[in-house]
Amino acid sequence: MSTVLSNYDTWKNFLNDRVSQAKGMGLNEDTIANLAFEIGSFLGEKVDPKNEQERAIKELWDVGDESERKTIAGLMVKLVEQS
């Protein structure tokens with residue numbers, strides 16, 4: 001995981017691949033967004049950001065409440081889908 005997180009573009013590509021896999025398995029947008037929220041929660045608690053972009057996202061995550069964190073997770077999914 002640390003290799004994936006060392007470069008922001010690599011992280012986005014990794015996340016895009018996982019979102020594509022989830023869609024291929026038939027998961028709907030809400031389920032994918034919930035999974036992204038769970039991943040974000042794990043990363044926020046356990047992983048130190050490796051670059052400026054990840055640091056900014058973590059700082060936003062840390063100040064957000066649950067609803068705002070779900071919005072961040074959903075936006076990350078949307079971002080990687082458009083990349």
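These numbers come from a predicted model, not from an experiment. Just so you know, residue 1 is the first one in the sequence shown, and it goes up from there.
- For residues 63-83, the set of pairs meeting the ring-ring contact (aromatic ring centres under 6.0 Å, His included) definition, not counting sequence neighbours, is empty.
- Residue pairs meeting the salt bridge (Lys or Arg N to Asp or Glu O under 4.0 Å) criterion with at least one member in residues 32-49, sequence neighbours excluded: Asp48-Arg55.
- Using a cut-off of 4.0 Å between Lys/Arg side-chain N and Asp/Glu carboxylate O, Lys70 and Glu66 are scored as salt-bridged.
- Under the salt bridge (Lys or Arg N to Asp or Glu O under 4.0 Å) criterion, Glu59 pairs with no residue, sequence neighbours left out.
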Review point. What do the steps show when you test Leu27 against Leu35 for side chain to side chain contact (heavy atoms under 4.5 Å, CB included), and what is the final call?
Key: CA-CA 10 Å; Leu27 298 178; Leu35 289 170; 3.9 Å; yes
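- In this structure, Thr31 OG1 and Glu29 CD are separated by 9.5 Å, a value rounded to the nearest 0.5 Å.
- Partners of Asp65 under the salt bridge (Lys or Arg N to Asp or Glu O under 4.0 Å) rule, at least two apart in sequence or in another chain, do not exist in this structure.
- In this structure, Asn51 and Glu54 approach most closely via the heavy-atom pair OD1-N, 2.9 Å.
- Evaluation of the ring-ring contact (aromatic ring centres under 6.0 Å, His included) test over residues 63-83, restricted to residues two or more places apart or in two chains, returns none.
- Here Met25 contributes atom CE and Ile32 contributes atom CD1; the two are 9.5 Å apart, rounded to the nearest 0.5 Å.
- Note: Ile72 CD1 to Leu79 CG = 12.5 Å, rounded to the nearest 0.5 Å.
- With hydrophobic clusters built from ILVMFWY side chains whose heavy atoms lie under 4.5 angstrom apart, Phe37 does not share a cluster with Leu75.
- Remark: Trp11 CH2 to Ile57 CD1 distance equals 9.0 Å, nearest 0.5 Å.
- The shortest heavy-atom contact between Ala33 and Ala73 is O-CB, 4.2 Å.
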Donor-acceptor contacts under 3.5 Å from residues 12-19 side chains, at least two apart:
unit_1: Asn13; atom_1: ND2; unit_2: Asp9; atom_2: O; d: 3.3
unit_1: Asn16; atom_1: ND2; unit_2: Val80; atom_2: O; d: 3.4
unit_1: Arg18; atom_1: NE; unit_2: Gln21; atom_2: OE1; d: 3.1

